[in-house]
Amino acid sequence: MTDLKSDFLQVFTERGYLHQCTDIDALDKAFAEGIVTAYIGFDCTAKSLHAGSLMQIMILRRLQQAGHKPIVLMGGGTTKVGDPTGRDESRPLITDAVIQENMDGIKKVFEKFLTFGDGPTDAIMVNNADWLDDIKYIQFLRDYGPHFSINRMLSFDSVKLRLEREESMTFLEFNYMILQAYDFVELKKKYNCTLQLGGSDQWGNIVNGVELGRRTNGFSLFGLTSPLLTTASGAKMGKTAGGAVWLNEDMLSAYDYWQFWRNTEDADVGKFLRLFTEIPMDEIARLEKLDGAELNEAKKILADACTEMAHGKAAAAAAAETARQTFEMGQTAEGLPTLEIPKAELEAGIPAATLFQRAGLAASNSEARKLIKGGGAKLNDTKIDDEKAVLSLNDLADDGRIKLSAGKKRHYLIQPV
RNA sequence: GGAGGGAUGCCUGAGUGGUUAAAAGGGACGGACUGUAAAUCCGUUGGCACUGCCUACGUUGGUUCAAAUCCAACUCCCUCCA
């Protein structure tokens with residue numbers, strides 16, 4: 001690989017986003033010469049994206065900062081088909097109404113990371129249902145079918161793995177890669193989009209689009225992928241005790257989001273700082289060299305920066321302060337997640353296990369009881385010994401609340417009203 | 001259309017009439033040690049009104065004192081043949 005000239009690709013490489021490119025020199029040239037329009041597709045399978053998609057979001061943000069135009073492609077159409085990539089079995093079919101709802105939720109995230117508008121480098125968001133919904137089947141087959149070889153399609157990982165594992169794959173899913181390829185061509189025609197970005201698992205799909213564009217219209221398109229992110233211990237990015245690390249605040253509080261980043265493994269701190277923050281490289285180099293416990297400072301900076309971007313400065317500061325009081329001072333902090341409960345109910349007495357369950361610290365009463373039995377449950381920072389303990393107004397702390405803790409990290413306030 | 005194989009808890013996977021809420025591993029959660037890290041060790045891992053009861057081994061029905069285990073039908077998956 002020759003030296004890169006474009007700002008974007010330099011940053012892209014140095015921060016660790018680069019995995020593969022169809023033609024990096026030509027792409028570099030394009031970036032250096034003018035505005036490049038690039039897109040990433042997102043599935044609408046949930047109401048919010050989670051941390052697993054954050055790298056792709058950051059890439060679009062970087063792209064825009066470097067003076068190029070990002071397109072967020074919502075897979076309103078392709079979600080109806082379902083991407084088989086990395087899937088052991090077919091996804092359940094999602095209805096149009098759910099897809100719409102999911103799209104609305106996902107949009108909110110992008111507004112925090114990108115600037116949308118009509119300007120030359122303003123981001124736009126488009127929905128592939130706009131062109132996929134009205135495809136004429138025979139026409140489509142005749143126009144695009146001849147450019148896809150079944151032999152080749154069977155050799156793609158998304159298909160091959162499924163076949164090897166002896167899992168069934170429907171014709172519906174088999175078509176996904178064709179539609180994604182078609183998306184790229186359509187975006188080129190509509191918006192002069194010449195680059196598709198994505199995770200390395202999307203490579204096959206992306207290459208298909210590049211080739212389809214060349215064969216049908218002689219377009220010169222590019223594909224650029226980023227590594228699939230796992231933590232140092234091999235876990236998939238974006239999962240934690242409570243489930244997925246959602247980016248929308250109504251799905252995961254800013255405090256929990258901050259905690260997620262604060263709990264990053266040592267070995268990942270440098271990588272995460274590069275990928276998920278905009279802290280300058282020399283500063284990151286300094287931070288990741290910190291030794292032992294000092295590295296915790298770097299984790300806080302990481303958590304601050306990430307939370308700021310997703311939830312705003314104020315929310316990030318509040319989350320950091322809550323964490324500081326809770327973990328460093330051992331106090332009961334204002335900003336902890338709080339459950340309100342009618343005073344009368346508490347007066348009558350509530351089993352501790354029930355309260356843990358209602359606060360979401362345990363999935364069921366049994367689980368809560370096991371937590372208490374295992375010595376992991378605390379009431380106002382004191383271990384609960386009796387799994388049948390009943391809480392009442394007598395258990396309120398001096399500030400009139402109850403603090404419940406499950407393990408060392410998960411805390412909840414119970415506020416009588 | 002025909003022949004054969006299969007479906008077990010969050011996942012992988014053992015179990016082929018009672019001692020099975022179901023081996024083992026993984027994951028997850030909790031504890032100890034730490035630095036809100038990793039590694040390691042220990043414990044827990046279907047639900048509930050919890051020394052008991054209920055639900056569970058693809059679905060439905062049957063045999064039996066007793067079924068994840070035997071039988072029948074059905075559903076879905078896989079392989080081979082046409």
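Sequence lines set the chain letters: A, B, ... in the order given, protein chains first and strands last, and positions in each chain run from 1. Basis for what follows: all heavy atoms, side chains included, without hydrogens, waters or symmetry-related copies.
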**Q** Does B:A3 pair with anything, Watson-Crick or G-U wobble, both distances under 3.5 Å, and if so, with which nucleotide?
**A** B:U79
**Q** Rounding to a whole Å, what distance do you find between A:Trp261:CH2 and B:G35:C1'?
**A** 20 Å
**Q** Among B:G35, B:A49, B:G47, which is the nearest nucleotide to the side chain of A:Ala293?
**A** B:G35
**Q** Return whichever of A:Glu294 or A:Ala363 has its heavy-atom-nearest nucleotide of RNA chain B closer to the 5' end.
**A** A:Glu294
**Q** Considering only atom C1', compute the distance from B:U20 to B:G46 and round it to an integer number of Å.
**A** 14 Å
**Q** With sugar-phosphate meaning primed atoms plus P, OP1 and OP2, does A:Gly292 contact a base, only sugar-phosphate, or nothing at under 4.0 Å between heavy atoms?
**A** base
**Q** Going by purine N1 to pyrimidine N3 plus the second Watson-Crick contact, or the G-U wobble pair, all under 3.5 Å, which nucleotide sits opposite B:G18?
**A** B:C65
**Q** Expressed in whole Å, how much space separates the C1' atoms belonging to B:C41 and B:G47?
**A** 31 Å
**Q** Compute whether any side-chain donor of one residue and acceptor of the other, for A:Ser6 and A:Asp28, lie under 3.5 angstrom apart.
**A** yes
**Q** Are a donor atom and an acceptor atom from the side chains of A:Gln56 and A:Ser226 found within less than 3.5 Å of each other?
**A** yes
**Q** Whole angstroms only, please: what is the CD1-P distance between A:Ile372 and B:G31?
**A** 13 Å
**Q** Roughly how many Å is it from CD in A:Glu367 to C1' in B:A21, rounded to a whole number?
**A** 17 Å
**Q** With rounding to whole Å, what would you report as the distance between B:G43 and B:U79 at their C1' atoms?
**A** 44 Å
**Q** Mind checking the C1' distance from B:G13 to B:G18? Whole angstroms is fine.
**A** 24 Å
**Q** Please determine if a side-chain N or O atom of A:Ser364 lies less than 4.0 Å away from the OP1 or OP2 oxygen of B:C48.
**A** yes
**Q** Using atom P of each nucleotide, how far apart are B:G52 and B:G58 to the nearest Å?
**A** 28 Å
**Q** Judged by modelled atom types alone, do A:Lys188 and A:Asn217 share a side-chain donor-acceptor pair under 3.5 Å?
**A** no
**Q** Could you check which of B:A37, B:G30, B:U36 has an atom nearest any side-chain atom of A:Trp258?
**A** B:U36
**Q** Mapping A:Gly374 and A:Ala320 onto RNA chain B by nearest heavy atom, which one lands closer to the 5' end?
**A** A:Gly374
**Q** To the nearest Å, how far apart are A:Lys271 NZ and B:A37 P?
**A** 19 Å
**Q** Looking at B:G35, I'd like to know if its phosphate oxygens (OP1 or OP2) sit under 4.0 Å from a side-chain N or O belonging to A:Arg262.
**A** no
**Q** Please state how far atom NZ in A:Lys388 lies from atom P in B:C48, giving the value in whole angstrom units.
**A** 15 Å
**Q** Mind checking the C1' distance from B:C53 to B:G5? Whole angstroms is fine.
**A** 39 Å
**Q** Would you tell me if any nitrogen or oxygen in the side chain of A:Lys370 comes within less than 4.0 Å of OP1 or OP2 on B:G47?
**A** yes
**Q** Is there a Watson-Crick or G-U wobble partner for B:C41 with both distances under 3.5 Å, and if so, which one is it?
**A** B:G31
**Q** Need the pair for B:A72. Rule: Watson-Crick or G-U wobble, both distances under 3.5 Å, any strand; none if unpaired.
**A** B:U60
**Q** Round to a whole Å and report the spacing from CG of A:Asp385 to C1' of B:G30.
**A** 15 Å
**Q** At under 4.0 Å, does any side-chain N or O of A:Lys409 touch on OP1 or OP2 of B:A37?
**A** yes
**Q** Considering only the C1' atoms, how many Å lie between B:G26 and B:A14, rounded to the nearest integer?
**A** 15 Å
**Q** The side chain of A:Ala323 is closest to which nucleotide in this list: B:A49, B:U36, B:G30?
**A** B:U36
**Q** For the NZ atom on A:Lys112, are there more than 12 heavy atoms of other groups (residues, nucleotides or ligands in this structure) within a distance under 6.0 Å?
**A** yes
**Q** Please give, in whole Å, the distance from B:U34 C1' to A:Asn296 CG?
**A** 10 Å
**Q** Does A:Gln259 get its side chain close enough to the base of B:U36, under 3.5 Å, for a donor-acceptor pair?
**A** yes
**Q** For the residue pair A:Asp304 / A:Trp261, report whether a side-chain donor-acceptor contact shorter than 3.5 Å exists.
**A** no
**Q** Classify the side-chain pair A:Gln196/A:Gln202 by whether it contains a donor and acceptor separated by less than 3.5 Å.
**A** no
**Q** What about A:Lys408: does its side chain form a donor-acceptor pair under 3.5 Å with the base of B:U34?
**A** yes
**Q** A:Asn380 and A:Arg401: side-chain donor and acceptor closer than 3.5 Å?
**A** no
**Q** Distance check needed: B:A49 C1' versus A:Glu387 CD, whole Å only.
**A** 14 Å
**Q** Can a donor-acceptor pair under 3.5 Å be found between the side-chain atoms of A:Asp266 and the base atoms of B:G35?
**A** yes
**Q** Taking B:U75 as the reference, what is the distance to B:U60 when you measure between their P atoms (whole Å, please)?
**A** 15 Å
